[in-house]
Trainee: 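I am attaching a structure below and will ask some questions about it afterwards.
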Amino acid sequence: MTPRSATRTRQAALLRVLTCALLPLAACETPEPSPPSPPTPRTLRLLQTSDLHTNVFAWDYFTGKADAQRGLAKVATLVQQARAENPECTLLLDTGDTIQGTPLGTYYALVDKTSPHPMAVAMNALRYDAMALGNHEFNYGLDTLGRFQHELSFPVLGANVRKSADDGEAFTPYLLKDVCGVKVGILGLVTPGVPTWERPENIPGLRFADPLETARKYVPELRRAGADVVVVAIHSGPDKQPTGSASDPASWLVDYADTSKWTDRGNLPGENEAVQIAQQVEGIDVMLTGHTHQPIPKMLLRNTSGQDVLLIQPNRWGSHLGVVDLSLVHENERWKVEGKDSRLLKVDASVTEDAEVTRLVRGYHDTTVAYVNTPIGSTRAAFPGGLPARYVDSALADLINAVQEEAAAANGHPVDFSLAALFTDEGQLPVGDLTLRDAYSIYIYDNTLYVMEINGSILRRALEWNANYFAPWNTQADVTKPRSALTSTVADYNWDLYSRIEYGYDLTRPAGSRLTHLRFQGKNVSDTDVFRVAINNYRAGGGGGYTMYREGRVLWTSADGVRDYIASYVRNHPGLDPDSVNTCNFTLAPDPYRYFFQEKAGPVKCSAP
């Protein structure tokens, strides 16, 4: 206060005293102050991304083509619009699998280790508030994860990632943040399947506790710390999905207890526990989920106190932005959630890329495109992919198996046979010159290679489980719909094609009894026969429901990824010939290739006559 203003204040006070001396006493009584009005109701908005897998731009690095339905740069535009509608009361969160998935992630984890990570640059620009760890955050080891974490301007949460030595917290477990006067608690959790899929040297000194038990510990702690709203950001999803109607938003609102409406996803124990956490842990308002790569606009799950917990998941690769709106009222000096709703905003051709994110990350993208366009070899004819290459013993699968066999032998561990999956419909090798992108396109994941010792019993059970990929054969199936032959809940990457063993399936038989024969070097395989097999780390750990492989003994694990072995093989074998690679050693009856593809595409080497 300035001297002049102080003088004016004293003069005003003196005037009041003189006035009160001349007026009746009642006229100068000080009125009782009115009680403060309660804070007005408000809407807390949560924005969520998940499973971005280093998809910043609307671009598919494996095909070299634009894809209008993906990319954080497009999601950023939706984020800005959603914030503008509720500018003072919004949080932006991510639920993991952020730094791996495309050659962009590979390049800035394994090639350029000094530049700031492009995902950190983009996410900082968008002012994320927090992210939960995903299982793929550990793919490049703790040094790479640590660099990424250090570059972020927001915390990385993982309450159930513990130090093996003393069970202490290896990462920040939760965030308490005041947003427009509301105290929001965000608990971060990750699927406990990480040790199943990850090489031990990438997660030294860590253990991954049960997310359900971890939530039981930390949710009450958040409430005691004063959280008005509790959000669980978890890299884990529902363990079931709607039967035959997962694309219908209404199907996710069906009572989860109605087993006739839900199908098991074939999870590892505890892998997808989000629903159980919502149902069994009191005090949670919202579950922001990931990992299962599904667009889930809204689920409502009743907990033990009879309250509805809202669950949402925004699919993968930046295809959607999740939006949760919580209606809050102020009662008894605390904020209370009175209503909740959620929806997904879809990324498509009508959504433009955010100019600032594009400006900041464009250089990283251009460097990656130049990297994957490096010439590395050639073919004499095309190696087709997709369903035609899965519905028959194909040259593409045989090529991947040949790569794995050669890599194992070169490292001193020759194998009896190999198994591999065709991950996507887009992966294939064209005729003529090949680039690094072509090699990467047929193996999009950062899996490493294992050599395992297994017995005939493990092999037989794995082959029976493998056949779950196919639905019961329908003699009236529409020939224009080849996916009608498949079980909708089994991913393409869970159908393995083997080399060097002779086996076949009868698809008219029920699941579990479809294997018609199994021979190795012309002899029937017995349960006690012992084999050495080349297999990736995901399958070796029981991924995809192949738990029997965990009974085997690991003899060797690679330091390099299978994808890099493929690139090296292409470099060292110019003029790849699909006919010389392709060996016919398995059969399907009836023959789905012949039924769905042969009339248009013509016969192939291993299709039925």
Trainee: Would you find a donor on one side and an acceptor on the other, under 3.5 Å apart, between the side chain of R437 and the backbone of L434?
Mentor: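 Not at all, since once roles are kept as given, no pair shorter than 3.5 Å links the two residues.
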Trainee: Look at D416 together with R500 and state whether they make a salt bridge at an N to O cut-off of under 4.0 Å.
Mentor: no
Trainee: Does the side chain of F208 reach to within under 4.5 Å of the side chain of I203, using non-hydrogen atoms?
Mentor: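 Touching, per the 4.5 Å side-chain cut-off.
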Trainee: State plainly whether the residues K605 and D393 are in salt-bridge range, i.e. N to O under 4.0 Å.
Mentor: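 Salt bridge between K605 and D393, a charged N being under 4.0 Å from a carboxylate O: no.
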Trainee: We want to know whether S580 and R380 form a side-chain donor-acceptor pair, criterion being a heavy-atom distance below 3.5 angstrom.
Mentor: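 No, because no side-chain N or O of S580 sits under 3.5 Å from a partner of the opposite role on R380.
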Trainee: What closest approach, in Å, do A381 and V431 show between heavy atoms, and which atom pair accounts for it?
Mentor: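 Heavy atoms of A381 and V431 come nearest at CA-CG2, 3.7 Å.
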Trainee: Working to the nearest 0.5 Å, report the span between OH of Y565 and OG of S558.
Mentor: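 Those atoms lie 4.5 Å apart.
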Trainee: So, applying side-chain contact (heavy atoms from CB on, under 4.5 Å) with T98, which one of H53, M131, H136 is it?
Mentor: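 With T98 as partner, H53, M131, H136 yield a single side-chain contact (heavy atoms from CB on, under 4.5 Å), made by M131.
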Trainee: Does W59 reach the side chain of L104, with side-chain heavy atoms less than 4.5 Å apart?
Mentor: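 No; the side chains remain at least 4.5 Å from each other.
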Trainee: Looking only at side-chain N and O atoms, does T243 offer a donor or acceptor that is under 3.5 Å from a partner on T263?
Mentor: yes
Trainee: Tell me which one of D94, D97, T292 satisfies side chain to side chain donor-acceptor pair (under 3.5 Å) with H235.
Mentor: D97
Trainee: Check whether any side-chain heavy atom of L206 lies under 4.5 Å from a side-chain heavy atom of L142, and answer yes or no.
Mentor: yes
Trainee: Supply the atom-to-atom distance L422 CG to Q428 CD, rounded to the nearest 0.5 angstrom.
Mentor: 11.0 Å
Trainee: Okay, side chain of T557, backbone of Y450: is any donor-acceptor separation there less than 3.5 Å?
Mentor: no
Trainee: When you look at L515 and Y505, which way does the side chain to side chain contact (heavy atoms under 4.5 Å, CB included) test go after all the steps?
Mentor: CA-CA 5 Å; L515 192 64; Y505 295 115; 3.8 Å; yes
Trainee: Between the side chains of D239 and Q276, is a donor N or O closer than 3.5 angstrom to an acceptor N or O?
Mentor: yes
Trainee: Taking the side chain as every heavy atom from C-beta outward, state whether I454 and M548 have any pair of such atoms under 4.5 Å apart.
Mentor: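 No, their side chains stay 4.5 Å or more apart.
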Trainee: Checking ring pair (Phe, Tyr, Trp, His ring centres under 6.0 Å) for the pair Y445/F423: CA distance, chi angles, key distance, verdict?
Mentor: CA-CA 8 Å; Y445 297 120; F423 297 144; 4.8 Å; yes
Trainee: Between A274 and I234, what is the shortest heavy-atom contact and its length?
Mentor: CB-CG2, 4.4 Å
Trainee: Among side-chain atoms of S441 and D438, is any donor-acceptor pair under 3.5 angstrom?
Mentor: no
Trainee: For the backbone of T102 and the side chain of T54, can you confirm whether one donor and one acceptor N or O come within less than 3.5 Å of each other?
Mentor: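 It does hold such a pair.
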Trainee: Is it the case that over 12 heavy atoms from other parts of the model lie below 6.0 angstrom from the CH2 atom of W495?
Mentor: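 Yes.
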Trainee: Working to the nearest 0.5 Å, report the span between CD1 of I566 and CG of L429.
Mentor: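 Separation between the atoms: 8.5 Å.
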Trainee: Can you tell if the side chain of Y364 reaches within under 4.5 Å of the side chain of Y108, non-hydrogen atoms only?
Mentor: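 In contact.
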Trainee: Going through the checks in order, is the side chain to side chain contact (heavy atoms under 4.5 Å, CB included) test met by E453 and V530?
Mentor: CA-CA 7 Å; E453 185 177 85; V530 176; 3.5 Å; yes
Trainee: Does any part of the side chain of P592, heavy atoms only, come nearer than 4.5 Å to the side chain of F597, both counted from C-beta?
Mentor: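 They are not in contact (no side-chain heavy atoms under 4.5 Å apart), so the answer is no.
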Trainee: Over all heavy atoms of both residues, which pair between S484 and D478 is shortest? Give the atoms and the distance, please.
Mentor: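 Scanning both residues completely, I find the closest heavy atoms to be OG-O, 4.3 Å.
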Trainee: At what distance, to the nearest 0.5 angstrom, does CD of Q241 lie from CD1 of I296?
Mentor: 9.0 Å
Trainee: F520 and D529: side chain to side chain contact (heavy atoms under 4.5 Å, CB included), yes or no, with the steps?
Mentor: CA-CA 10 Å; F520 178 68; D529 287 342; over 6 Å; no
Trainee: How long is the span from the CD1 atom in I99 to the CZ atom in F138, to the nearest 0.5 Å?
Mentor: 9.0 Å
Trainee: Does a side chain donor of either R461 or S457 reach within less than 3.5 Å of an acceptor in the other side chain?
Mentor: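 Yes, side-chain donor-acceptor contact under 3.5 Å.
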Trainee: Whether the side chain of R571 engages the backbone of G377 through a donor-acceptor N/O pair (distance < 3.5 Å, no angle test) should be reported.
Mentor: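 Here the side-chain-to-backbone pair does not exist.
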Trainee: Do E198 and N139 get their side chains close enough for a donor-acceptor pair, meaning under 3.5 Å?
Mentor: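 Side chains of E198 and N139: pair found under 3.5 Å.
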Trainee: Indicate yes or no for a side-chain donor-acceptor contact from Q313 to the backbone of Q294 under 3.5 Å, with no hydrogens or angles considered.
Mentor: yes
Trainee: Between N55 and G318 (side chain of the first, backbone of the second, donor and acceptor by atom type, cut-off under 3.5 Å), is there such a pair?
Mentor: no
Trainee: So does P375 get a backbone contact from the side chain of D433, meaning a donor-acceptor N/O pair under 3.5 Å?
Mentor: no
Trainee: Tell me if the CD atom of E201 is crowded by more than 12 foreign heavy atoms within 6.0 Å.
Mentor: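 Above 12, so yes.
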Trainee: Which atoms form the tightest heavy-atom contact between Y61 and V369, and what is the distance?
Mentor: CE2-CG2, 4.0 Å
Trainee: Are the side chain of R514 and the backbone of R509 linked by a donor-acceptor contact shorter than 3.5 Å?
Mentor: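 The answer is yes, because a donor-acceptor pair under 3.5 Å joins these two groups.
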Trainee: Does the side chain of N447 come within less than 4.5 Å of Y493's, by heavy atoms?
Mentor: no
Trainee: State whether a side-chain donor-acceptor pair under 3.5 Å links N466 with Y546.
Mentor: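 Yes.
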Trainee: With a sphere of 6.0 Å drawn around CZ of R532, does it hold more than 12 non-hydrogen atoms of other residues, nucleotides or ligands?
Mentor: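 No.
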Trainee: Can you give me the closest heavy-atom contact between G270 and P192, atom names plus distance?
Mentor: O-CD, 3.2 Å
Trainee: Any chance CZ of R519 has more than 12 other-residue heavy atoms, nucleotides or ligands included, within less than 6.0 Å?
Mentor: yes
Trainee: Is a side-chain donor or acceptor of N537 paired with a backbone partner of T448 at a separation under 3.5 angstrom?
Mentor: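 Present.
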Trainee: Can you say whether the rings of Y391 and F596 are parallel (under 30°), tilted (30 to 60°) or perpendicular (over 60°)?
Mentor: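 Y391 and F596: tilted rings.
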Trainee: Quick check: closest heavy atoms across R539 and N494, and the distance to 0.1 Å?
Mentor: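 That closest heavy-atom pairing would be NH1-OD1, 3.1 Å.
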Trainee: Salt bridge check, R483 against D492: does any charged N sit closer than 4.0 Å to a carboxylate O?
Mentor: yes
Trainee: Please assess L486 against Y469 for the test side chain to side chain contact (heavy atoms under 4.5 Å, CB included), listing each intermediate value before the final yes or no.
Mentor: CA-CA 6 Å; L486 302 179; Y469 181 63; 3.4 Å; yes
Trainee: Distance-only, no hydrogens or angles: does the T95 side chain make a donor-acceptor pair with backbone N or O of S50 under 3.5 Å?
Mentor: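 The answer is no, because no donor-acceptor pair under 3.5 Å joins these two groups.
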Trainee: Roughly how far, to the nearest 0.5 Å, is the OG1 atom of T191 from the CG atom of N272?
Mentor: 6.0 Å
Trainee: Report the C-alpha distance between W473 and Y595 in whole Å, list the side-chain angles of each, state the deciding distance to 0.1 Å, and finish with yes or no for ring pair (Phe, Tyr, Trp, His ring centres under 6.0 Å).
Mentor: CA-CA 11 Å; W473 185 258; Y595 187 89; 5.4 Å; yes
Trainee: According to the interplanar angle, ranging from 0 to 90°, do the rings of H573 and Y569 count as parallel (below 30°), tilted (30 to 60°) or perpendicular (above 60°)?
Mentor: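 Aromatic pair H573/Y569 classed parallel.
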Trainee: Looking at Y107, F148, Y140, which one forms a ring pair (Phe, Tyr, Trp, His ring centres under 6.0 Å) with H117?
Mentor: F148
Trainee: Please tell me if the side chains of L463 and Y498 come closer than 4.5 Å, counting only heavy atoms from C-beta onward.
Mentor: yes
Trainee: Measure the acute angle between the ring planes of Y256 and W262, then classify it against the limits of 30° and 60° as parallel, tilted or perpendicular.
Mentor: tilted
